[in-house]
Amino acid sequence: MALNTLKNVKKIGKFTLIDMGKLREENPEKFNESGGMDYQWFEKDVRPNHFIYLRHDVNSISFTLQNGPIKENGVNGCQVDDIIHVAKIMLEGLNLEVPCRENALAITKLDEALLWLMARKIDREIRRVEGTSSK
């Protein structure tokens, strides 16, 4: 049920969500009869540009995490705030189905976490160290 809350979500922040079922529909030549994927194609053409993957058939979501500072390594994954954003969307969807005070409080705390991460980013931008390993 929780993953269904992401069915109509196309992007999280600056990242496009990849629905693996739709990827299969759009690229049938990249999959064999038993559903196996051409992993060389995936690693070369899909993974370098996309970092959040949904599989509705097995109720799973996976993330490729940023490895190292962006200015030093380029964008190669998503950040913690992207994962928090996904969790918030899922809770908001669940709260529409089964509203309760605890869900609302959890959503508020996720918003608060996102605000603190944004404050950290702004502070690092002001100090001109954002995207680097400098403290």
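In this structure, the side chain of N32 engages the main chain of S34 through a donor-acceptor pair within 3.5 Å. Here the side chain of D81 pairs no donor or acceptor atom with the backbone of M118 at under 3.5 angstrom. Of the possible polar contacts, one joining the R127 side chain to the K135 backbone as a donor-acceptor pair under 3.5 Å is found. Under a 3.5 Å cut-off, the side chain of Y53 and the backbone N or O of H50 do form a donor-acceptor pair. Within the 3.5 Å criterion, the main-chain N or O of A119 finds no donor-acceptor partner in the side chain of D123. A donor-acceptor pair under 3.5 Å is absent between the side-chain atoms of R120 and the main chain of L115, judged by distance alone. Of the possible polar contacts, one joining the N95 side chain to the C100 backbone as a donor-acceptor pair under 3.5 Å is found.
For CG of N67, the number of neighbouring non-hydrogen atoms (other residues, nucleotides, ligands) closer than 6.0 Å is 12 at most. Around atom CG of N8, no more than 12 heavy atoms belonging to other residues, nucleotides or ligands sit under 6.0 Å away. Within 6.0 Å of CD in E43 there are more than 12 heavy atoms belonging to other residues, nucleotides or ligands.
Nearest heavy-atom pair, Q66 versus N76, reported as atom, atom and distance to 0.1 Å: OE1-N, 2.9 Å. Closest heavy-atom contact between C78 and F51: N-CB, 3.9 Å. Taking all atoms of both residues into account, the shortest heavy-atom contact from P69 to G131 is CB-O, 3.1 Å. When all heavy atoms of S134 and V129 are compared, the closest pair comes out as CB-CG1, 3.8 Å.
Here the CD atom belonging to E102 is positioned 11.5 Å from the CD1 atom belonging to I107, to the nearest 0.5 angstrom. We find the CG-CD distance between L105 and E112 to be 11.0 Å, quoted to the nearest 0.5 Å. For the atom pair NE2 (H85) and NZ (K88), the distance works out to 6.0 Å, reported to the nearest 0.5 Å. Distance CG/D38 to NZ/K44: 10.0 Å, rounded to 0.5 Å. Between the CG atom of L110 and the CD1 atom of I84 there is a distance of 6.5 Å, given to the nearest 0.5 Å. Put simply, CD on E130 and CD1 on I122 are 10.0 Å apart, with the number rounded to the nearest 0.5 Å.
Taking hydrophobic clusters as Ile, Leu, Val, Met, Phe, Trp and Tyr residues chained together by side-chain heavy-atom distances below 4.5 Å, V80 does not share a cluster with V86. Taking hydrophobic clusters as Ile, Leu, Val, Met, Phe, Trp and Tyr residues chained together by side-chain heavy-atom distances below 4.5 Å, M90 shares a cluster with I83. Linking ILVMFWY residues whenever their side-chain heavy atoms come closer than 4.5 Å, directly or via other members, places V75 and L65 in the same cluster. Hydrophobic clustering, with ILVMFWY side chains joined whenever heavy atoms are under 4.5 angstrom apart, groups L114 together with L91.
Not counting sequence neighbours, the partners of D45 by the side-chain contact (heavy atoms from CB on, under 4.5 Å) test are W41. When the side-chain contact (heavy atoms from CB on, under 4.5 Å) test is applied to K7, the partners found at least two apart in sequence or on another chain are N4, H56.
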Could you go through residues 9-22 and list every donor-acceptor pair under 3.5 Å that involves a side-chain atom there, pairing it with any protein atom two or more places apart or in another chain?
residue : atom : partner : partner atom : Å
D19     : OD1  : G21     : N            : 2.8
D19     : OD1  : K22     : N            : 3.2

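For F31 and F42, the gap between ring centers reaches or exceeds 6.0 Å.
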Inset, instruction - Please test T132 against E72 for side chain to side chain donor-acceptor pair (under 3.5 Å), starting from the C-alpha separation and ending with a verdict. - result: CA-CA 6 Å; T132 71; E72 297 170 13; 4.8 Å; no
